[in-house]
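Below: one structure, written as structure tokens.
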Amino acid sequence: MSEEHVKQIEELERACFSAPWSEESLRAELSNPLALWLCAVSGETVLGYIGSEMVPDEADMMNLAVAGEARRQGIAQALLSGLLSELRKHGIVSLSLEVRESNLPARALYETNGFLQVGRRKNYYFNPREDALILRKEPLA
Ligand SMILES: CC(C)(COP(=O)(O)OP(=O)(O)OC[C@H]1O[C@@H](n2cnc3c(N)ncnc32)[C@H](O)[C@@H]1OP(=O)(O)O)[C@@H](O)C(=O)NCCC(=O)NCCS
């Protein structure tokens, strides 16, 4: 991700999530040495993105979204594979994330990629209120 992608990512955040990241918080990630974000682009158009934050040898995935009209073409899979590969290069051994319990498309993607449920956060999400499942992949290979 670079500055030219921030505005479009903010628009996708608003289209995809009930608690979207602001343009300002996305831009702050550009100078965060622990942040690792990747975008899928076609020309100058951002089709999808994935965002994570690294702590010494673990990482948390904070965001993944693909534009509605670009879904079911393997873009999320490509973003996730790319992220896993980059994290491995940084010596990261596990990746954790939260997902809405009702988000079956995302859960299918994570299950295919070897993520296992390791916990649940009651009423973690608002609008609508819903539990988060905590998933983790470890090791990343
Ligand atoms: C979840 C999301 C990122 C998937 O993006 P995508 O580019 O359409 O996904 P891909 O085409 O790479 O699909 C990869 C796998 O995900 C699963 N999947 C994706 N969409 C699915 C759907 N609508 N129904 C069931 N499984 C689905 C499948 O296992 C799929 O593999 P397959 O095509 O071999 O069956 C996309 O639907 C999205 O942006 N949703 C809104 C934001 C969101 O929920 N983000 C996740 C937050 S945790």
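Both ligands and their constituent atoms are indexed starting at 1 by order of listing. The residues of the chain are indexed from 1 along the displayed sequence.
Ranking protein heavy atoms by distance to atom 44 (O) of ligand 1, first place goes to N103 ND2, 2.6 Å. A76 CB, 3.1 Å is the protein heavy atom nearest to atom 5 (O) of ligand 1. Among protein heavy atoms, atom 45 (N) of ligand 1 sits closest to L64 O, 2.7 Å. Nearest to atom 37 (O) of ligand 1 among the protein's heavy atoms is R71 CD, 3.4 Å.
Using a 4.0 Å cut-off between heavy atoms, L109 contacts ligand 1 through both its backbone and its side chain. At a 4.0 Å heavy-atom cut-off, ligand 1 does not touch Y49 at all.
Atoms of ligand 1 lying under 4.0 Å from at least one heavy atom of Q73, given by number and element, are 11 (O). In the vicinity of A65, heavy-atom distances shorter than 4.0 Å reach the ligand 1 atoms 39 (O). Near A108, the atoms of ligand 1 lying under 4.0 angstrom from a non-hydrogen atom of the residue are 17 (C), 26 (N), 29 (O). Near Q77, meaning under 4.0 Å from any of its heavy atoms, are these atoms of ligand 1: 12 (O). In the vicinity of G74, heavy-atom distances shorter than 4.0 Å reach the ligand 1 atoms 10 (P), 11 (O), 12 (O).
Polar contact check, V66 against ligand 1: a nitrogen or oxygen pair lies under 3.5 Å apart. Considering both main-chain and side-chain atoms, Y110 never comes within under 3.5 Å of ligand 1 through any nitrogen or oxygen pair. Among the atoms of L104, none of the N or O lies under 3.5 angstrom from an N or O of ligand 1. On a distance-only criterion, F17 and ligand 1 share no N/O pair closer than 3.5 Å.
Counting all heavy atoms, side chain and backbone alike, M1 lies closest to L26 at CE-O, 3.7 Å. Between L79 and L38, the closest heavy-atom pair is CD2-O, 3.8 Å. Taking each heavy atom of I75 and A40 in turn, the nearest pair found is CG2-CB, 3.6 Å.
Using cut-offs of 30° and 60° for the angle between ring planes, the W37 and Y49 rings count as parallel.
Remark: side-chain polar atoms of D131 are paired, donor with acceptor, to backbone N or O of N123 under 3.5 angstrom. Between the S52 side chain and the L36 main chain, a donor and an acceptor come within less than 3.5 Å of each other. Looking only at distances, a side-chain donor or acceptor of Q8 sits under 3.5 Å from a matching main-chain atom of E44.
Residue contact check for ligand 1: T112 places a non-hydrogen atom closer than 4.0 Å to it. Residue contacts with ligand 1 include E98, since one or more of its heavy atoms lies under 4.0 Å from the ligand.
Checked by atom type, the side-chain pair E98/Y125 shows no donor-acceptor distance below 3.5 Å. For S25 and E29, the side-chain atoms include no donor-acceptor pair closer than 3.5 Å. Checking S2 against E4 by side-chain atom types alone, a donor-acceptor pair falls below 3.5 Å.
Here E10 pairs with K7 in a salt bridge; the nearest charged N to carboxylate O distance falls below 4.0 Å. The pair E24-R27 does not meet the salt-bridge criterion, since no charged nitrogen lies less than 4.0 angstrom from a carboxylate oxygen.
Within the 4.0 angstrom cut-off, atom 10 (P) of ligand 1 has one or more protein heavy-atom neighbours.
Closest heavy-atom approach to atom 24 (N) of ligand 1 among the candidates R107, E13, R72: R72. Between G68, P105, C16, it is P105 that holds the heavy atom closest to atom 27 (C) of ligand 1.
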